[in-house]
Amino acid sequence: MVKKLPLHKLIMAMKNLLYILTLVAVVSCGKSGEHQHDAASESAQSDNPNKVLLDQIMDIHDEVMPKMQDLYTLKQSLQEKAAASGISADEKKSLENMMASLDSANTAMMDWMHKFQPLPDSADQEKAREYLESEMERVMKVRDLTNETIDRAKAIDTKK
């Protein structure tokens with residue numbers, strides 16, 4: 001006979017699965033920030049402002065992606081604190097809110113990555129530049145949200 005899990009445990013299992021998939025994405029990205037270019041291609045790329053902008057966007061991605069592990073680790077720690085006996089309802093609510101913020105930061109990064117579709121080299125360069133500029137703004141917001149959320153979660157996690 002198959003045992004049915006309570007809804008809250010099923011939701012928790014699904015969230016944990018999402019975090020595991022995020023970790024797989026982090027590992028998949030690996031050290032993508034370590035770009036290898038020869039001197040000729042480096043010179044050609046510096047002549048293309050869209051390529052420079054794309055590289056800057058990818059540098060931000062490469063800076064933020066490893067922090068997905070921090071989001072996961074902090075959430076696990078906060079979950080343990082929330083499950084501890086003797087915790088007040090207000091403390092538990094605060095921890096749950098912070099865990100939701102960690103989830104939101106993770107989702108923001110995953111959404112940005114899934115939606116990011118740079119235009120091909122054959123595209124109108126002006127449209128490509130406009131798209132890349134808007135994506136630069138979006139990825140910077142994701143970076144800022146991730147960093148702020150991690151800082152707030154660390155402050156809560158270090159409290160007794």
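- Asp144 meets the side-chain contact (heavy atoms from CB on, under 4.5 Å) test with Glu148; sequence neighbours excluded.
- Here the straight-line distance linking atom CD of Glu133 with atom CD1 of Ile57 works out to 9.0 Å at 0.5 Å rounding.
- Contact record, Lys67 with Asn147: NZ-OD1, 2.6 Å, taken as the closest heavy-atom pair.
- Qualifying side-chain contact (heavy atoms from CB on, under 4.5 Å) partners for Asn50, counting only residues two or more places apart in sequence or in other chains: Asn48, Gln125, Ala128, Arg129, Leu132.
- The side-chain hydrogen bond (donor to acceptor under 3.5 Å, both in side chains) test applied to Asp111 returns no partner, not counting sequence neighbours.
- Between the side chain of Ser101 and the backbone N or O of Asn97, at least one donor-acceptor pair lies under 3.5 Å.
- Here Lys141 contributes atom NZ and Thr146 contributes atom OG1; the two are 14.0 Å apart, rounded to the nearest 0.5 Å.
- When all heavy atoms of His61 and Val139 are compared, the closest pair comes out as N-CG2, 4.4 Å.
- When the side-chain hydrogen bond (donor to acceptor under 3.5 Å, both in side chains) test is applied to Thr149, no partner is found at least two apart in sequence or on another chain.
- Atoms CD and CD, from Gln76 and Gln79 in turn, are 4.5 Å apart once rounded to the nearest 0.5 Å.
- Hydrophobic clustering places Val64 together with Met136 (ILVMFWY residues linked when any side-chain heavy atoms are closer than 4.5 Å, directly or through intermediates).
- Atom NZ of Lys51 is separated from atom CD of Gln56 by 11.0 Å, given to the nearest 0.5 angstrom.
- Checked by atom type and distance alone, the side chain of Glu91 pairs as donor or acceptor with a backbone atom of Ser88 at under 3.5 Å.
- The distance from atom CD1 of Ile60 to atom CZ of Arg143, rounded to the nearest 0.5 Å, is 4.5 Å.
- Listed by chain and residue number, Lys81, Leu95, Met98, Met99, Leu102, Ala153, Ile156, Asp157 satisfy the side-chain contact (heavy atoms from CB on, under 4.5 Å) test with Leu78 (two or more places apart in sequence, or in another chain).
- Annotation: side-chain contact (heavy atoms from CB on, under 4.5 Å) contacts of Lys154 (sequence neighbours excluded): Leu74, Ile150.
- Electrostatic pairing of Glu135 and Arg138 counts as a salt bridge here, judged by a charged N lying under 4.0 Å from a carboxylate O.
- For the residue pair Lys115 and Tyr131, the shortest heavy atom distance occurs at O-OH, 3.6 Å.
- Met110 contributes atom CE, which lies 3.5 Å from atom CE of Met113 (distance to the nearest 0.5 angstrom).
- Each of Leu145 and Leu71 belongs to its own hydrophobic cluster when Ile, Leu, Val, Met, Phe, Trp and Tyr are linked at side-chain heavy-atom distances under 4.5 angstrom.
- Between the side chains of Ser134 and Glu130, no donor N or O sits under 3.5 Å from an acceptor N or O.
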